[in-house]
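Everything on this sheet refers to the single structure shown next.
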Amino acid sequence: MNSSLNAARRSRELAEAGDLLVDVLVVGLGATGAGAALDAASRGLSVAAIDAHDLAFGTSRWSSKMIHGGLRYLAKGQVKVAHESAVERGLLLRHTAPHLVRAQPYLLPLTPAVSGGQAATVMTGYRLGDGLRMAARTPRRLLPGPARISAGRALSLAAPLSPNGLRGALLSWDGRLVDDARLVVALARTAASRGARILTRCRALELAGDGARVRDELTGSTFAIRARTVVNATGVWAAQLDPDIRMRPSRGTHLVLRPETLPGLRAGLHVPIPGESNRFALVLPQSDGRVYVGLTDEPVEGPVPDVPQAPEEDVAFLLDVLNSVLGVPLGRQDVAGTYAGLRPLLAAGGRTADLSREHALLTSRSGVVTVVGGKLTTYRRMAEDAVDRVVALGRLGAGGSRTARLPLVGAGAVQEAGAVPDRLRARYGSEAGAVRALMAEDPALAEPLPTGITRAELVWAVRHEGALDVDDLLDRRTRIGLVPEDRAAALPAARAALAY
């Protein structure tokens, strides 16, 4: 079946939805929900998946873009989640999304603030992390091992570091995504290619074990979706559909720095957070020249917002940590944009930074299975466990999960690779040639927008990736919208793409 998502397909499948009885209804189309839709559909089950907003509207677009092996969790004794993370990282690198996930080098600068004992402890941790890589059978060619490097080598990889007192750096490697929202789009499209109905702008008003009452947010009309089983994958908003669930979300804030703010930054940075033994700020250069700096871990009280905001105290905190290793300090004026995401943690005592990232499955009295906790790296395992649970509850007669070796849309070989720009290959994989062909058909579509995104990519997103409005295009299919002035500059092109 065709993997393309667009307004016409949504309208057609929406018109059919009220007459269907599906095996699995998934509510929430972040990474876990889209992953659950794919897992169920790949087992041959009939699936409908809905979201009140867009693909990757919530937490799944606000991550650090890391696909990491769980070293931090190993340091806290959370061996299960650490090993699970390493396994899932390996699957993404090798099998399911090698076009979207690749190795990223990181430096931990050995400044005067980092003692010899601290450096030795961190290096021991890095070696344990490399042990996780080996246990997960991820080849070293995909994920090199750690090493201590000289100050000169460190400055060649990260020129903005202050040379004063720099003794060198600890070099480590981990996985990173080109874009977390693009991973969700690939998951949803792969599920659609297996027959899943992917319905954005459809809000679940009431949820039970046999389906949901749903409102089309574009028209206001309401209808019922009947289902043999239901998965609630709404993350930090899960309690809104099951009041028995108690969440304790935490906020992770990131800064967005303009291109050339940190010239010569070729590697990511791990910057120790003062007073913390195993927490670091992350500095991650992006392919578009921007740099993301994160992240905080602060509890969030009160109602959960649809789009969390980054408070100024978080911005100041991250700048202070970053400036502790820079030769030329940055100021608030150097921050081009910010974003914040909420972690879907189950309520428990202690600091949110110390709560387990292991996921949990909860079954309501009506039979709804809610999956919460976890993190982006382990979305596939979370989805597999959720579908295993509903298959058992509903006696659906499906086999086991098939997603560990199932390539996502775009994961195949790139045809005519030499004719396709590297930037397109990194974002679209085997579909890069088709995006390039749009530019050949209409040279006006080759015009670059802020961050290098072309008009052709906006048209592709409307025709094939389910984008329905300018917010979908600028804030999720691309990340132009992270910087307000870039968003304003690209707005006419986004409107034109919707009408193309």
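Everything numeric in this text was worked out from a predicted model, so none of it was measured.
Residues Arg9 and Glu13 are paired through a salt bridge, judged by an N-O separation under 4.0 Å between the basic side chain and the carboxylate. Checked for salt-bridge contact, Asp216 and Arg10 meet the test: a charged N lies under 4.0 Å from a carboxylate O. Between Arg381 and Glu84, at least one side-chain N (NZ, or NE/NH1/NH2) sits under 4.0 Å from a carboxylate O, which counts as a salt bridge. Between Asp244 and Arg365, at least one side-chain nitrogen of the basic residue sits less than 4.0 Å from a carboxylate oxygen of the acidic one, meeting the salt-bridge criterion. A salt bridge links Arg477 with Asp54: the distance from a Lys NZ or Arg NE/NH1/NH2 to an Asp or Glu carboxylate oxygen falls below 4.0 Å. Between Arg43 and Asp388 a salt bridge is recorded (basic side-chain N to carboxylate O distance below 4.0 Å). Here Arg61 does not pair with Asp180 in a salt bridge; the nearest charged N to carboxylate O distance is not below 4.0 Å.
For Asp23 and Ser46, the side-chain atoms include at least one donor-acceptor pair closer than 3.5 Å. No hydrogens or angles considered: a donor-acceptor pair under 3.5 Å links the side chains of Asp39 and Ser401. Arg380 and Thr403 form a side-chain donor-acceptor contact under 3.5 Å, judged by distance and modelled atom types alone. Looking at Thr377 and Arg89, their side chains never bring a donor and an acceptor atom within 3.5 Å of each other. A donor-acceptor contact closer than 3.5 angstrom links the side chains of Ser85 and Lys375.
Figure legend: Arg182 and Tyr428 shown as a cation-pi pair, the cationic atom lying under 6.0 angstrom from the six-membered ring centre and within 45 degrees of its axis.
Applying the side-chain contact (heavy atoms from CB on, under 4.5 Å) test between Val369 and each of Thr229, Val24, Thr363 identifies Thr363 as the sole match. Among the candidates Ile273, Thr338, Leu255, the single residue satisfying the side-chain contact (heavy atoms from CB on, under 4.5 Å) test with Leu318 is Leu255.
Note on ring orientation: taking the six-membered ring where Trp is involved, the planes of His464 and Trp460 are tilted (angle from 30° to 60°).
Less than 6.0 angstrom separates the ring centroid of His270 from the ring centroid of Tyr106.
Between Arg197 atom CZ and Glu16 atom CD the span is 5.5 Å, to the nearest 0.5 Å.
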Practice item. I would like to know whether Arg133 and Thr138 meet side-chain hydrogen bond (donor to acceptor under 3.5 Å, both in side chains); could you show each step before the answer? Key: CA-CA 6 Å; Arg133 174 200 61 78; Thr138 303; over 6 Å; no
